[in-house]
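Notes follow the structure.
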Amino acid sequence: MALSLNSKFVEKFVSDKDILSIAPEIYEAQKTLVTKSGEGNDFLGWIDLPIDYDKEEFARIKLAAERIKKLCDVFIVIGIGGSYLGARAAIEFVKSPVYNSLKKDTPDIYFAGNSISASALSDLLRICEGKDVCINVVSKSGTTTEPAVAFRVFRNLLEEKYGKEGAKERIFATTDKAKGTLKKFSDDNGYETFVVPDDVGGRFSVLTAVGLLPIAVAGIDIDKMMKGAQDARLKYSIADIENNDCLKYVAIRNYLYRNGKNVEILASYEPAAQMFCEWWKQLFGESEGKDGKGIYPSSVIFSTDLHSLGQYIQDGTRLMFETVLNIQKANDELIIPFDPDNVDKLNFLSGKDLEFVNNKAMLGTLIAHTDGNVPNIVLDVDDRSEYSFGYLVYFFEYACAVSGYVLGVNPFNQPGVESYKKNMFALLGKEGYEDLKAELDKRIN
């Protein structure tokens with residue numbers, strides 16, 4: 001087991017009796033999930049994905065990753081939301097947030113198509129100058145504005161550099177199995193394609209080809225990652241809140257929500273977890289935030305953010321609780337040296353591992369924030385290995401789905417996301433949006 005829940009710093013806010021009082025609702029929500037009887041039940045392929053994945057495609061992903069490593073210096077992954085966050089989270093969590101700057105035998109990996117910024121895209125084009133490039137465009141339809149624009153730009157770059165025939169060996173598409181604009185275009189042009197499963201929504205797709213191809217290109221062992229998810233699936237399938245930390249987490253966060261805690265802050269003391277936090281925010285934000293309900297997901301990296309948001313968490317409005325990712329084993333050891341002049345008055349730390357200091361900072365913060373009436377759920381994670389990442393992903397996916405049903409919402413749709421798209425298309429003059437454009441122009445002018 002790569003993860004365990006420590007409730008020591010939340011027990012004064014949520015007792016064992018409180019957890020048991022809400023347990024029947026948790027079990028009912030879990031039953032709704034596993035029997036596939038609730039709303040969004042056509043998007044539950046992720047539940048059994050760790051054991052019921054396409055083994056032939058999995059093998060192709062590994063082969064394609066090896067080809068990409070040999071073909072390019074820079075690998076551009078084009079996608080938005082769940083089409084890129086999981087892969088980036090895995091690379092930074094397992095490898096490093098400065099992965100591209102490290103000495104390695106794998107390509108630099110950059111992510112495009114997640115904004116409409118001309119400057120951001122231009123910077124990536126400059127990075128690609130004089131280098132061999134491959135791209136992976138990730139889109140179910142191929143018509144989502146942000147990735148579609150980036151794909152046009154990078155496809156043009158590759159075709160100018162290598163010609164159409166050369167470019168097709170460097171373009172990989174992860175898209176619908178049989179239909180859609182991108183699938184047809186890829187087949188017509190001879191790109192190798194991988195599948196975005198019909199029954200797995202974007203924010204739950206990190207353990208599909210959506211995330212696995214970029215992760216494998218980074219030299220990460222995707223077999224170990226899937227093994228972590230497999231073991232988590234087995235562990236969290238039991239309907240026993242006292243021995244199932246995933247269900248216990250769901251119970252605690254929902255009990256806190258019902259008692260006025262509307263904001264959950266995911267906190268980590270490792271910068272390598274920052275993009276994991278971004279993945280987590282999308283997972284819970286899109287899944288729970290609807291029908292006027294939901295816990296607002298936020299995140300911090302300590303001790304950095306103790307010097308910015310720490311004051312608010314300690315003494316501001318009491319709307320939040322924290323979930324702390326405590327990564328117990330650091331990737332590296334760094335001993336603090338002795339300074340004969342003791343200029344900074346820190347010789348009492350000489351000879352200590354920096355991770356030891358980091359741990360004491362965490363414990364001191366847990367006590368301070370709890371004393372400040374901020375409940376803290378601690379999730380002890382073994383390490384930053386592939387196995388732990390897969391385990392952690394499944395823990396949060398399962399918790400999110402159960403929690404959504406406890407709230408009484410469909411955890412697998414995102415109707416609110418479409419609102420900005422309609423307005424944007426109208427303002428840009430897309431055909432079929434003329435009436436909306438006239439209405440919006442009046443409001444703007």
Side-chain angles (χ1 to χ4, degrees), residues 39-43 45 76-85 111-122 124-125 135-159 164 167 171-191 193-205 208 210 282 285-292 294 409-445:
E39 287 188 290
N41 55 26
D42 48 345
F43 286 98
I76 304 289
V77 181
I78 300 170
I80 194 166
S83 295
Y84 91 99
L85 280 171
F111 295 86
N114 48 64
S115 76
I116 317 176
S117 165
S119 296
L121 204 55
S122 296
L124 285 182
L125 289 170
I135 64 176
N136 173 211
V137 56
V138 185
S139 176
K140 183 77 170 171
S141 65
T143 58
T144 303
T145 305
E146 294 90 341
V149 168
F151 183 41
R152 275 197 183 199
V153 170
F154 280 99
R155 187 173 74 248
N156 183 66
L157 171 71
L158 264 60
E159 289 180 353
K164 276 208 167 188
I171 298 174
F172 300 81
T174 307
T175 186
D176 191 89
K177 185 176 183 178
K179 63 183 185 296
T181 300
L182 181 55
K183 173 59 176 171
K184 184 178 185 306
F185 185 80
S186 299
D187 288 347
D188 290 346
N189 285 275
Y191 307 150
T193 61
F194 300 94
V195 176
V196 180
D198 288 334
D199 58 355
V200 180
R203 57 189 178 273
F204 290 83
S205 67
T208 72
V210 170
Q282 187 206 4
E286 278 195 348
S287 297
E288 291 189 329
K290 56 200 70 164
D291 302 337
V409 301
N410 178 353
F412 306 108
N413 67 354
Q414 53 279 340
V417 175
E418 301 305 316
S419 299
Y420 93 88
K421 293 181 182 179
K422 291 176 184 177
N423 291 344
M424 179 179 69
F425 289 151
L427 292 169
L428 289 170
K430 186 174 182 178
E431 187 177 349
Y433 289 80
E434 291 81 6
D435 290 345
L436 180 57
K437 184 178 189 305
E439 179 190 333
L440 293 175
D441 283 342
K442 288 180 183 177
R443 294 175 63 180
I444 293 169
N445 301 317

Contacts of N189 meeting side-chain hydrogen bond (donor to acceptor under 3.5 Å, both in side chains) (sequence neighbours excluded), chain-then-number -> none
Between A112 and L121, the two heavy atoms sitting closest are CB-CD1, 4.2 Å
Sequence neighbours excluded, the answer for side-chain contact (heavy atoms from CB on, under 4.5 Å) partners of S186 is A173, L182, Y191, T193
Taken in chain and number order and not counting sequence neighbours, the residues that satisfy side-chain contact (heavy atoms from CB on, under 4.5 Å) with L157 are L125, C128, F154
Contacts satisfying salt bridge (charged side-chain N to carboxylate O under 4.0 Å, His left out) that involve residues 144-159 (not counting sequence neighbours) are none
Nearest heavy-atom contact between A150 and I78 is CB-CG2, 3.8 Å
With sequence neighbours left out, the residues meeting salt bridge (Lys or Arg N to Asp or Glu O under 4.0 Å) with D188 are K184
Sorted by chain and number, sequence neighbours left out, salt bridge (Lys or Arg N to Asp or Glu O under 4.0 Å) with D187 holds for K183
Residues 424-445 vs ring-ring contact (aromatic ring centres under 6.0 Å, His included), sequence neighbours excluded, gives F425-Y433
- prompt: Around atom NZ of K422, are there more than 12 heavy atoms of other residues, nucleotides or ligands at under 6.0 Å?
  reply: no
Do S287 side-chain atoms and P411 backbone N/O form a donor-acceptor pair below 3.5 Å?
yes
Sorted by chain and residue number, the side-chain hydrogen bond (donor to acceptor under 3.5 Å, both in side chains) partners of T181 (sequence neighbours excluded) come out as none
Do the rings of F151 and F185 sit parallel, tilted or perpendicular, given the 30° and 60° boundaries? perpendicular
When every non-hydrogen atom of S139 is compared with those of T144, the smallest separation belongs to OG-OG1, 4.2 Å
Applying salt bridge (Lys or Arg N to Asp or Glu O under 4.0 Å) to K164 and not counting sequence neighbours gives none
**Q.** Contact check, side chains of T174 and N136, non-hydrogen atoms, under 4.5 Å
**A.** yes
- Query: Is it true that a side-chain atom of S141 and a backbone atom of G180 form a donor plus acceptor pair closer than 3.5 Å?
  - Reply: no
Shortest non-hydrogen pair, V210 vs S83, comes out as CG1-CA, 3.8 Å
Of all heavy-atom pairs linking K430 and E434, the shortest is O-OE2, 4.4 Å
Across all chains, not counting sequence neighbours, the salt bridge (Lys or Arg N to Asp or Glu O under 4.0 Å) partners of D198 are K140
When rounded to the nearest 0.5 Å, the distance separating NZ of K177 from NZ of K179 is 11.0 Å
The side-chain hydrogen bond (donor to acceptor under 3.5 Å, both in side chains) partner of Q414 among Q282, K290, R203 is R203
CZ of F43 to CG of N413, rounded to nearest 0.5 Å, is 9.0 Å
CG (L85) and CG (N114) are apart, to the nearest 0.5 Å, by 7.5 Å
By side-chain contact (heavy atoms from CB on, under 4.5 Å), S117 pairs with (sequence neighbours left out) S115, S119, A120
Quick one: side chains of residues 435-445, donor-acceptor pairs under 3.5 Å with protein atoms, not counting sequence neighbours, listed by atom name and distance.
residue: K437; atom: NZ; partner: D441; partner atom: OD2; Å: 2.9
residue: N445; atom: ND2; partner: D441; partner atom: O; Å: 3.1

